[in-house]
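Written below as structure tokens is the structure these notes are about.
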Amino acid sequence: MITRETLQNLPEGVAAPSYDLKDIKPGILHFGVGNFFRAHEAYYVNKVLGLPGQQQWGIVGVGLTSGDRSKKKADDFKAQDCLFSLTETAPSGESKRSVIGALRDYILAPEKPDAVLDLLSDPAIKIVSMTITEGGYNIDEHTGEFALENEGVQRDLANPESPSTIFGYVVEGLRRRRDAGNRAFTIMSCDNLRHNGNVARKAFLGFARARDPELASWIEANATFPNAMVDRITPTVSPEIAARLNRESGLDDLLPLVAEDFTQWVVEDEFADGRPALEKVGVQMVDDVTDYEFMKIRMLNASHIFLAFSGLLLGYDHIDESINDPDLRKLVETYLDTDVIPTLKAAPGEDLEKYKQSVISRFSNPAMADQNLRIGSDGASKVQVFWTATIQNLLKDKLSIDRVAYGLAAYLEMLRGKNEQGGSFEPIEPTFTDETWNIARSDDFEAGFALPAFDGWRKLDHKALDAKVIELRHIIREKGVKAALPA
Ligand code: CS2
């Protein structure tokens with residue numbers, strides 16, 4: 001176990017927090033304490049806490065779910081004083097290890113709702129941040145609005161003072177602040193969504209409006225919702241990986257964590273009541289995050305799904321195997337050079353060619369053990385967020401659709417769950433119903449275009465694209481992925 005006591009005597013090569021834990025006061029409440037949060041926000045805040053005058057920015061984590069897994073995690077955090085180790089591994093295999101102390105407490109909301117509400121009302125908490133996944137904002141796909149009919153939302157609207165969802169908690173916390181004459185906090189989304197702050201604003205104000213329009217207006221006028229681009233590959237830690245990390249560090253950590261050495265956080269500098277000195281620890285504070293988001297989503301995430309879908313069909317388990325296949329690597333390079341980079345504007349301080357190279361090198365990092373199945377999961381949403389804008393550009397400008405057609409064909413063929421080695425796997429599509437699965441599994445290739453992934457370009461002329469997708473699906477099925485790859 002890692003505890004305050006063992007911090008005094010860490011194995012060689014493991015850095016301890018550079019501050020005294022007893023000096024840290026909570027200033028941030030974070031919902032959704034997953035691996036990405038631990039390797040990203042907590043990593044940056046850990047650095048900030050070591051700077052003079054920054055000890056008021058400790059983080060309290062909140063879990064919203066009960067159940068055995070949540071309890072086990074909470075017990076592990078408690079046993080370790082919320083300390084955990086982070087191994088940052090470069091593509092070369094070189095690693096850096098440190099103990100992160102930024103998380104100062106962890107509360108399971110269903111067990112202690114009042115403790116969460118007290119913190120949300122406490123003026124010392126100036127930022128409420130969250131990593132609740134892309135789907136966690138409860139936005140209706142069709143209307144683009146906050147989905148009021150959601151069961152938890154209905155429950156919280158009926159009992160606004162004893163909430164259960166993040167929306168209920170945050171809005172009740174803000175209500176108490178307003179009534180006490182205190183300031184609102186910043187609501188900071190750290191999810192990998194375009195304009196995540198705007199999405200969060202829509203969600204929290206949507207809930208607040210349904211609860212009490214006046215309160216909603218107060219929140220709108222007083223809280224802020226900065227947009228941010230977040231980036232760090234942080235794989236799932238299996239028990240085997242945990243054992244390896246501990247073996248390598250010499251620690252006996254209940255919650256070890258691994259991430260790539262690359263990390264980026266670009267945040268619009270719009271905070272309601274102050275913020276940590278993030279700019280001093282490598283966070284890019286900007287006025288507009290748009291071009292950074294485009295770069296990340298259309299280059300990194302878009303290439304990731306190309307590699308995942310193709311790799312699954314070829315029988316590769318991991319992203320590094322996919323990128324180390326010279327044909328797939330060439331596909332991704334040509335896609336980025338020809339179809340994507342010419343449509344992007346480099347954000348201040350960014351170089352798109354260098355970014356491309358870094359993405360390819362990051363994918364080749366064997367320590368990430370990122371599974372093709374995980375990266376290829378929820379293709380229905382990912383295709384829309386990562387590929388659609390590029391496809392629209394190509395169709396509008398009548399440019400070559402060869403690579404995107406191949407990508408879509410690979411996605412559709414991947415949904416069958418069969419690889420070229422004769423093996424099978426189970427594609428993960430959380431939004432699919434039985435009906436959608438029937439369409440996906442049908443041999444009527446025309447019917448496949450009814451899938452939600454294709455929504456983004458229905459209004460454009462996509463006949464040639466459809467024809468090419470169908471042709472490539474036949475080739476993938478009859479001759480294999482390699483025969484279908486564009487020259
Ligand atoms: C991945 C991301 O799940 C995915 O689609 O592309 O989780 C990726 O690892 C992160 O966005 C990296 O920051």
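Values below: all heavy atoms of this structure, side chains included; hydrogens, waters and symmetry mates excluded. Residue numbers count from 1 along this sequence. Indexing begins at 1, ligand by ligand and atom by atom, following the structure's order.
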Return the protein residues near ligand 1 (heavy atom under 4.0 Å from any of its atoms), ordered by chain and residue number.
Asn192, Asp231, Arg232, Ile233, Lys296, Asn301, His304, Ile375, Lys382, Phe386
Test side-chain contact (heavy atoms from CB on, under 4.5 Å) applied to Arg458 - qualifying residues, sequence neighbours left out
Phe454, Asp455
Using the rule side-chain hydrogen bond (donor to acceptor under 3.5 Å, both in side chains), only one of Gln264, Glu88, Glu260, Glu41 pairs with Arg232; which is it?
Glu88
Check: Asn35/Arg38 side-chain N/O donor and acceptor closer than 3.5 Å:
yes
Quick one: side-chain contact (heavy atoms from CB on, under 4.5 Å) partners of Pro26, sequence neighbours excluded?
Val60, Ile125
Distance only, no hydrogens: is a donor on one side chain within 3.5 Å (strictly under) of an acceptor on the other, for Thr436 and Thr433?
yes
Would you please name every residue forming a side-chain contact (heavy atoms from CB on, under 4.5 Å) with Ala447, sequence neighbours left out?
Asp444
